[in-house]
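This one's a predicted model, so the numbers in the text were calculated from it and none came from an experiment. Letters A, B, ... are given to chains in the order of the sequence lines, protein chains preceding strands, and every chain is numbered from 1.
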Number of protein chains: 2
Amino acid sequence: MAGRPRASSQGMLEEAASELFLEQGYAKTTIEQITQRAGVSRNTFFNYFGQKSELLWVELDASLKALTDALGAASDATPPLEAVEQALLATAAAFPAGRAPLVLTQHETMGIDDELRAAGLARALQHADAIELFLSCRLTGQDAALRSRAVALAVVGAAAAAVGRWAADGPAREPLADYVARAAHPVLTGFAIG
Amino acid sequence: MAGRPRASSQGMLEEAASELFLEQGYAKTTIEQITQRAGVSRNTFFNYFGQKSELLWVELDASLKALTDALGAASDATPPLEAVEQALLATAAAFPAGRAPLVLTQHETMGIDDELRAAGLARALQHADAIELFLSCRLTGQDAALRSRAVALAVVGAAAAAVGRWAADGPAREPLADYVARAAHPVLTGFAIG
DNA sequence: AGCAATAAATAGATCGCGTACAATAATGAC
DNA sequence: GTCATTATTGTACGCGATCTATTTATTGCT
């Protein structure tokens with residue numbers, strides 16, 4: 001009961017796209033060019049990606065899965081906000097200091113514009129949703145709903161700032177987790193005492 | 001030196017668009033339909049709006065101006081983080097409890113999807129940029145760049161959570177500034193002590 | 001082997017956003 | 001009146017994204 005196997009892998013499309021983005025920028029690269037270089041038909045692109053912008057955020061999609069896993073594995077004994085912090089650091093640990101996603105380091109030559117930033121932000125929102133879902137089950141008291149979402153969006157914002165700085169600091173930087181810790185810890189302590 | 005006066009006002013396009021969005025949703029409404037109802041040509045739309053999604057976030061654009069003004073008017077004597085909090089509250093004060101932007105309350109019937117959320121997030125990013133610019137001139141010490149951006153993104157995230165809750169709580173809610181205070185204050189105290 | 005069932009890949013068409021460029025209309029300055 | 005300036009309109013086009021139908025490749029059953 002298994003139909004035709006996937007011939008053109010998703011990775012080939014990503015590679016072809018990365019090359020073209022670096023050569024001539026994101027906006028000037030058409031989906032047709034990507035599929036031609038990958039040796040498949042144009043329509044095949046949409047079997048693997050819903051939108052062109054998804055090509056750049058594959059790494060972030062993986063990190064979303066890591067975050068939900070880490071949150072799901074959190075013990076009930078640890079305080080909720082601490083669990084969030086640990087899950088964030090564990091997720092960040094998957095990014096070694098040496099190699100950062102292309103979209104972060106090469107956004108200049110790729111000509112990343114608002115559309116791209118927005119697509120990245122949509123990914124960040126998914127991370128926030130995961131954290132909010134976790135917190136809304138653990139936090140109690142009045143304002144729990146507001147606090148859950150506020151914590152989630154605030155801490156994701158801080159983490160995004162950390163990622164941006166980390167990428168900008170070049171290959172000689174410290175691991176991403178250090179940056180995330182410095183940016184996110186104040187947020188969580190602030191909510192813990194307030 | 002004043003050429004042809006503007007005949008079709010921006011407000012008419014916004015009204016026509018709001019009607020159509022409520023009638024048939026955002027995605028199913030074309031720019032041509034909007035301009036037809038407003039009685040202008042399709043191209044005229046692009047004299048007033050760069051993209052279709054801008055129609056929904058006009059109120060947020062006004063709030064961005066209010067925020068930059070409030071930040072610019074901040075006295076040098078007040079601590080930077082306090083100045084940010086006061087500016088946020090002043091900006092939120094412009095939204096009375098009774099009337100919330102359509103996009104926030106009617107996003108269900110309008111069929112707001114990811115594209116729309118992303119467009120709203122792009123506006124939120126501009127708010128964060130304004131706060132970061134303010135802070136990067138005032139904060140000192142190592143990590144000032146990271147901290148400036150982390151504070152800005154985190155506090156804007158918290159404010160966004162407040163706006164979402166505020167809109168969801170219906171017309172009988174308290175003023176928006178109360179929500180923003182509850183969501184943003186922990187973030188700022190967290191960074192103040194950390 | 002032959003045959004259905006399933007699923008991927010392709011082809012072809014269409015819609016609508018957004019851009020570019022030229023042409024026209026309405027105003028004030030002279 | 002002429003001229004410069006600005007808004008509006010017309011026309012065309014590239015490209016992203018969706019849809020439907022068709023072809024191709026694989027598995028499992030007889």
Legend entry - Test item: side-chain donor near acceptor, A:Ser148 and A:Glu132, under 3.5 Å: no
Inset, instruction - Find the distance B:Asn43:CG to C:dA22:C1' and express it as a whole number of Å. - result: 12 Å
Legend entry - Between C:dA11 (P) and A:Glu32 (CD): distance, integer Å: 11 Å
Inset, instruction - Could you tell me whether A:Arg37 and A:Glu23 make a salt bridge, using a distance below 4.0 angstrom between a side-chain N and a carboxylate O? - result: yes
Legend entry - Distance in angstrom units between B:Phe49 CZ and D:dA7 P, rounded: 15 Å
Legend entry - Separation of atom CE in B:Met12 from atom C1' in D:dT8, rounded to whole Å: 14 Å
Inset, instruction - Looking at every strand, decide which applies to B:Ser53 at a 4.0 Å heavy-atom threshold: base, sugar-phosphate, or nothing. - result: nothing
Inset, instruction - Can you tell me the distance, in whole Å, between the CG atom of B:Asn47 and the P atom of D:dG10? - result: 13 Å
Legend entry - 5' priority, DNA chain C, between A:Arg4 and B:Ala27 [closest heavy atom]: A:Arg4
Inset, instruction - Using distance alone, with no hydrogens and no angle criterion, decide if B:His127 and B:Ser63 have a side-chain donor and acceptor under 3.5 Å apart. - result: yes
Inset, instruction - Indicate yes or no for a side-chain donor-acceptor contact from B:Ser18 to the backbone of B:Glu14 under 3.5 Å, with no hydrogens or angles considered. - result: yes
Legend entry - B:Ala7 or B:Arg42, whichever maps to the more 5' nucleotide of DNA chain D: B:Ala7
Inset, instruction - Please report, rounded to the nearest Å, how far the C1' atom of D:dT6 is from the CZ atom of B:Phe46. - result: 20 Å
Inset, instruction - Round to a whole Å and report the spacing from CZ of B:Phe45 to P of D:dG10. - result: 17 Å
Inset, instruction - For the side chain of B:Val40, starting at C-beta, report the closest nucleotide among D:dT9, C:dG18, D:dT27. - result: D:dT9
Inset, instruction - Give B:Gln51 one of three labels, base, sugar-phosphate or nothing, depending on what nucleic acid heavy atoms sit under 4.0 Å from its own. - result: sugar-phosphate
Inset, instruction - Report yes if a side-chain nitrogen or oxygen of A:Thr44 is closer than 4.0 Å to either non-bridging phosphate oxygen (OP1 or OP2) of C:dA9; otherwise report no. - result: no
Inset, instruction - Mind calculating the distance between CZ (A:Arg6) and C1' (D:dT27) to the nearest angstrom? - result: 17 Å
Inset, instruction - Assign B:Tyr48 to base, sugar-phosphate, or nothing according to its heavy-atom contacts below 4.0 angstrom with the strands shown. - result: sugar-phosphate
Inset, instruction - Would you kindly check if the NZ (Lys) or CZ (Arg) of A:Lys52 is within the cone defined by 45 degrees around the ring axis of A:Tyr26 and under 6.0 Å from the six-membered ring centre? - result: yes
Inset, instruction - Mind checking B:Ser9 for me? I need base, sugar-phosphate or nothing, with any heavy atom below 4.0 Å counting as a touch. - result: nothing
Legend entry - Per B:Pro5 side chain, nearest of listed nucleotides D:dG10, D:dT26, C:dT27: C:dT27
